[in-house]
K.L.:
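Okay, handing you the structure first.
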Amino acid sequence: MVGSSLVLGGCRGVLDPRGRAASQTSRLAWLMFVIATLVFLLVVGILVAGALRRRGEVADERPDPHDRPGGVMTMIGVALPVVVITIVLLVSFGPLASQASTSGASLTVRITGHRWWWQVSYPDSGVVTANEIHIPAGRKVRLELTSDDVIHSFWIPELAGKRDLIPGQVNEMWIESDDVGRFGGGCAEYCGIGHTHMSAVVVADTPDEFQAWLADQARPAANPADAQLLAGQQVFLGSSCSYCHRVAGTNAQSDFGPDLTHVASRETLGAGAFLNEPDQLARWVTDPPSLKPGTLMPGVQLSDSEVADLVAYLESLH
Ligand code: CUA
């Protein structure tokens with residue numbers, strides 16, 4: 001589903017770019033489309049002209065083998081691709097150089113690919129989140145991309161081209177959104193069974209909203225405000241949840257799984273596998289593969305009341 005939506009989203013990104021880098025790619029795509037159309041019409045025209053000329057000739061009138069009218073066509077057939085590819089190459093240099101340069105970026109976001117989710121951190125403020133990447137609209141944002149396991153590829157079609165995340169290496173790219181909005185995309189490199197459930201969302205906020213979001217995310221988790229939330233926190237810290245996840249301000253400090261300090265502020269969970277709603281979350285903690293086949297998260301064995309307390313606690317982490 002994500003695969004097909006990526007393909008469709010890719011077309012939408014090229015046809016309806018919403019950021020500076022995607023606009024450059026879009027102009028190149030349209031230029032190539034126009035050139036390809038002209039070449040296609042030329043080839044069809046030559047074919048039609050050849051067919052009509054043949055029909056005019058007497059069937060048994062054999063052409064003189066020394067007469068080589070095809071020689072001119074062969075020359076055109078060689079020269080035309082050289083000319084076309086040279087033009088496309090020359091006009092690509094500008095956008096390629098522009099998209100390779102992250103200078104002038106106002107913010108750096110580090111994205112680490114995992115099977116099958118995205119860790120998103122803001123090194124300047126210490127904020128760590130997952131799968132939903134907030135940026136200020138109208139600002140150039142530098143992305144540092146790496147992977148913890150296998151090769152992934154980050155692609156938000158409406159904002160920029162794709163870039164691979166490779167273990168042991170940091171790749172760079174930049175994105176910029178013209179306006180506020182949510183822009184979907186995800187992993188564009190087959191990376192295993194969970195690949196289809198490795199969506200990412202870029203949320204472009206106004207610069208003020210972005211600063212407020214960043215300040216909220218930098219705070220440790222709120223303390224449990226009532227008995228149920230306290231019970232939920234105890235379930236979280238006393239179960240296997242705390243071995244893999246971090247909730248800032250508690251003893252749970254692992255970064256093996258997504259950071260849950262502000263998990264309730266995210267719209268979807270499981271890298272877009274399901275909506276962040278209590279009944280879905282309850283199903284997720286007890287039977288993760290039912291929502292995301294192949295997920296590395298194990299289900300936890302809890303009573304119904306423990307699940308209810310745990311979900312209430314997680315949904316309180318705004
Ligand atoms: Cu990660 Cu496909």
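In listed order, ligands and their atoms are each counted from 1. Remember, predicted model here, so these are calculated numbers, not experimental data.
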K.L.:
Could you check whether E176 pairs with R139 (Lys NZ or Arg NE/NH1/NH2 to Asp/Glu carboxylate O, under 4.0 Å)?
P.N.:
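So E176 does not pair with R139 through a salt bridge.
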K.L.:
Looking at H195, pick out the N, O or S atom nearest to atom 2 (Cu) of ligand 1 and give its name.
P.N.:
ND1
K.L.:
May I ask you to say whether R18 pairs ionically with D178, meaning some side-chain N is under 4.0 Å from a carboxylate O?
P.N.:
no
K.L.:
Check this for me: does any side-chain nitrogen of one of E189 and K162 sit under 4.0 Å from a carboxylate oxygen of the other?
P.N.:
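No, this pair does not count.
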K.L.:
Measure from the ring center of H134 to the ring center of W213 and say whether it is less than 6.0 Å.
P.N.:
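H134 vs W213: aromatic centres under 6.0 Å.
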K.L.:
Looking only at N, O or S atoms in E189, which is nearest to atom 2 (Cu) of ligand 1?
P.N.:
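Nearest N/O/S atom of E189: O.
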K.L.:
So does S153 have any N/O/S atom less than 2.8 Å away from atom 1 (Cu) of ligand 1?
P.N.:
no
K.L.:
What N, O or S atom of H152 is found closest to atom 1 (Cu) of ligand 1?
P.N.:
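Going through the N, O and S atoms of H152 one by one, ND1 ends up nearest to atom 1 (Cu) of ligand 1.
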K.L.:
Which heavy atom of E132 sits nearest to which heavy atom of S265, and what is that distance?
P.N.:
OE1-O, 4.4 Å
K.L.:
Taking atom 1 (Cu) of ligand 1 as the vertex, what is the angle from SG of C191 to SG of C187, given to 10 degrees?
P.N.:
120°
